[in-house]
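Worksheet: the structure to be examined is printed underneath.
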Amino acid sequence: MYVCGPTTYNFIHVGNARMFVVFDMIRRYLMHKGYDVRYVQNFTDVDDKIIKRGKEEGMEPLVLGQKYIEEYFKDATALNILPATVHPKATEHIPEMIEIIQGLISSGLAYEVEGDVYFAVDHFPNYGKLSGRTLEDMKAGARVEVDERKHHPMDFALWKNTKPGEPAWKSPWGMGRPGWHIECTAMSLKYLGAGFDIHGGGGDLVFPHHENEIAQTEGYLKGETFAHFWMHNAFLTINQEKMSKSLGNFFTTRELLEKFPGEVIRFYLLGTHYRSPLDFDDQNLVMAQKGLERLQTSIRLAQQALERVGSSNNDRIEAELFKAAIEAREAFGKAMDDDFNSALAYATLFELAKTMNGYVQENPAPSKGLQEAQKTLIELGEVLGFDLLHPAPARVEKDEILNQVMEIVLQIRLRSRQKKDWEMADFIRDALKDKGIIIEDTPQGARWQIKK
RNA sequence: GGCGGCGUAGCCAAGUGGUAAGGCAGAGGUCUGCAAAACCUCUAUUCCUCAGUUCAAAUCUGAGUGCCGCCUCCA
């Protein structure tokens, strides 16, 4: 599959992150189903916006592009997005682009004007098939000033003549740089070939980006199918309005990561079906955080029960837990098979967690059934990209020495409690809570965890 | 103006013909020295409005209404 990656002129914002998380989830599910997924995600590291931004910051455009490629990987890692099989860069595929443009010119689908090369949309019969519009419709509503040199107002640039101070490459039409869409054609054909399975991206890429990609690619391939399926995610909105860089109403993923762990942001982003708009709001993030914690708590309670000495010999419990695990797998698969309905899949995780909690409550002892249920929950969580066994806050500083110290602290507190010295017991609990360590008393003794 | 999408409880959110998943918040209860977590019970006679099709509609059709998106760089 090919997913349109970022144009690297800035940090990615949360709306961009939604797309990367969504397609990562799709990829992970396909892998889970046993597909050998070849996942290509490009970097568009040369374009108007990068050049503009480079000038503003007094930075070489190509250096700026490289910088934000590196920043992308930091955010992607925090969101537990798997690296693509290949991450090709536009600037490293100029010769491939030139070859395609030449092919288009020789078949009469493109023409050169003063060092620019344009694609002739009215020579491509299916133009508009993806976005469901016709050249007539678009002409009527055109809000762009028409470049008189174009044969048709909707013709788009494949190659742009160089301007002073801009990055440029040598081409048969003189020095210049590629147009916006051609890099995806060049890189997808190079790494996947014609007729690959899935081409994905954000909904705002349907037109013109993907429409133009189809036109130039299928034109170049003489009608052969470019991609079999096109998938687009809906937008992230803020106060019901699209979060976008041009409206300025965006938060970078980096900013948000200072407030919430990456896994919470991911959990929030996948809590709504990918084709539905998702409204961004801190309150919604908090709700997502609580929901994710519920699943993590369930795994933790099960883990504690499994680490205990002894075993449960309750056949009913065993049978129920095995049954719950099987049902969860089935329901999860059914939800995900239906257009990657991660929101519905969540419900199956919560239901399994609830069943596990119920039995842990009744009999907190190791059992095969509990082990199976816990394993299932962890595996299904992993398919969506969550590590439920190792929550982010606790993933940090929990080392062996701390474990030993906490064991002593809990013993001291236990003695206080045995002497009914509630003041001391509560002081220990409250003081540790300030430091992010939560103590909980249970009939089986006190337990503790780190919570940022 | 052209094209498309959406409107489900206090909030988030599944559900595209068979009688409203799940989460958050809230109420009551169990447990507990207290707290937390967990568990149990409760919380939409109803899915923006009206009309229609059907034995049956949140789901289909029509009209209305509100919101959003694309048509210009954007994931």
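Every value quoted in this text rests on a predicted model; they were computed, and no experiment measured them. By convention in this document, chain letters (A, B, ...) are assigned in the order of the sequence lines, proteins followed by strands, and residues within each chain are numbered from 1. Side chains included, hydrogens not; waters and symmetry mates left out as well; all remaining heavy atoms used.
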Can you tell me if the side-chain N/O atoms of A:K290 get under 4.0 Å from OP1 or OP2 in B:A25?
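True: A:K290 side-chain N/O within range (under 4.0 Å) of B:A25 OP1/OP2.
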Counting any heavy atom closer than 4.0 Å, what does [X] reach on the DNA or RNA strands: base, sugar-phosphate only, or nothing?
X	value
A:L247	nothing
A:Y268	nothing
A:L205	sugar-phosphate
A:D48	nothing
A:K242	base

Applying side-chain hydrogen bond (donor to acceptor under 3.5 Å, both in side chains), which residue pairs with at least one partner in residues 345-357 of chain A are found, sequence neighbours left out?
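Listed by first then second residue: A:S298-A:N357.
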What is the distance, rounded to the nearest whole Å, between atom [atom1] of [X] and atom [atom2] of [N]?
X	N	atom1	atom2	answer
A:F332	B:A21	CZ	C1'	16 Å
A:I238	B:A75	CD1	C1'	16 Å
A:M154	B:G2	CE	C1'	12 Å
A:E241	B:G66	CD	C1'	15 Å
A:L344	B:G15	CG	P	7 Å
A:K129	B:G4	NZ	P	19 Å
A:D282	B:C12	CG	C1'	14 Å

Go through the structure and list residues passing salt bridge (charged side-chain N to carboxylate O under 4.0 Å, His left out) with A:E60, not counting sequence neighbours.
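Testing A:E60 for salt bridge (charged side-chain N to carboxylate O under 4.0 Å, His left out), a comparison that skips the adjacent residues, returns none.
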If a pair satisfies salt bridge (Lys or Arg N to Asp or Glu O under 4.0 Å) and one of its residues is in residues 300-312 of chain A, list it, with sequence neighbours excluded.
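Qualifying pairs: none.
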Scan residues 78-90 of chain A for pairs that pass salt bridge (Lys or Arg N to Asp or Glu O under 4.0 Å), counting only residues two or more places apart or in two chains.
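Applying salt bridge (Lys or Arg N to Asp or Glu O under 4.0 Å) to every pair that reaches into residues 78-90 of chain A, excluding sequence neighbours, yields A:K89-A:E92.
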Considering only atom [atom1], compute the distance from [N] to [M] and round it to an integer number of Å.
N	M	atom1	value
B:C48	B:A37	C1'	40 Å
B:G10	B:U65	P	26 Å
B:A13	B:A51	C1'	30 Å
B:U53	B:G4	C1'	26 Å

Taking CZ in A:F427 as the centre, count heavy atoms belonging to other residues, nucleotides or ligands within less than 6.0 Å. Is the count above 12?
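At most 12 heavy atoms, drawn from other residues, nucleotides or ligands, come within 6.0 Å of this atom.
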Stacking between B:G22 and A:Y346, yes or no? Criterion: centroid separation under 5.5 angstrom, plane angle under 30 degrees.
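Stack criterion not met.
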Protein-to-nucleotide contact annotation, 5' to 3' order, nucleotides 5-11 of chain B [B base; S sugar-phosphate only; - none; under 4.0 Å, heavy atom]:
------B
Base, backbone or nothing for each nucleotide of nucleotides 34-40 of chain B, written B, S, -, heavy atoms under 4.0 angstrom, 5' to 3'?
BBBSBSS
Quiz: residues 249-257 of chain A side-chain donor-acceptor pairs under 3.5 angstrom, not counting sequence neighbours:
residue : atom : partner : partner atom : Å
A:N249  : OD1  : A:S244  : N            : 3.0
A:N249  : ND2  : A:K242  : O            : 2.9
A:T252  : OG1  : A:E255  : N            : 3.0
A:T252  : OG1  : A:E255  : OE1          : 3.2
A:T253  : OG1  : A:I12   : O            : 3.2
A:T253  : OG1  : A:H13   : O            : 3.2
A:R254  : NE   : A:D75   : OD1          : 2.7
A:R254  : NH1  : A:E71   : OE1          : 3.0
A:R254  : NH2  : A:E71   : O            : 3.1
A:R254  : NH2  : A:E71   : OE1          : 2.9
A:R254  : NH2  : A:D75   : OD1          : 3.3
A:E255  : OE1  : A:T252  : N            : 2.8

Assuming nearest nucleotide by heavy-atom distance, tell me which of A:S244 and A:Q240 is located more 5' along RNA chain B.
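Its nearest nucleotide being more 5', the pick is A:Q240.
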RNA chain B: A:T348 or A:D279, which has the more 5' nearest nucleotide?
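By nearest-heavy-atom nucleotide position, the 5'-most residue is A:D279.
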Measure distances between side-chain N and O atoms of A:H13 and base N and O atoms of B:A75, and say whether any donor-acceptor pair falls under 3.5 Å.
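For A:H13, whose side chain was compared with the base of B:A75, there is a donor-acceptor pair (under 3.5 Å).
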Which nucleotide, if any, forms a Watson-Crick or G-U wobble pair with B:A63, using both distances under 3.5 Å?
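The base-pairing partner of B:A63, which may sit in any strand shown, is B:U49.
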Residue matched to B:U30 through Watson-Crick or wobble contacts both under 3.5 angstrom
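Across any shown strand, B:U30 pairs with B:A38.
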Hey, are A:D45 and A:Y9 close enough side-chain-wise for a donor-acceptor pair under 3.5 Å?
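No pair is found: no donor N or O on one side chain lies under 3.5 Å from an acceptor on the other.
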Non-neighbouring partners of A:H273 that pass side chain to side chain contact (heavy atoms under 4.5 Å, CB included), sequence neighbours left out:
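Partners of A:H273 by the side chain to side chain contact (heavy atoms under 4.5 Å, CB included) criterion, ordered by chain and then number, come out as A:R275, A:S276, A:D339, A:N341.
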Between A:N80, A:L384, A:I81, which is the residue that forms a side-chain contact (heavy atoms from CB on, under 4.5 Å) with A:R28?
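Filter result, single survivor: A:N80.
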For A:F340, ring pair (Phe, Tyr, Trp, His ring centres under 6.0 Å) partners two or more places apart
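Expected list: none.
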Pair A:Y39 + A:Y2: ring centers closer than 6.0 Å
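Between A:Y39 and A:Y2, the centre distance exceeds or equals 6.0 Å.
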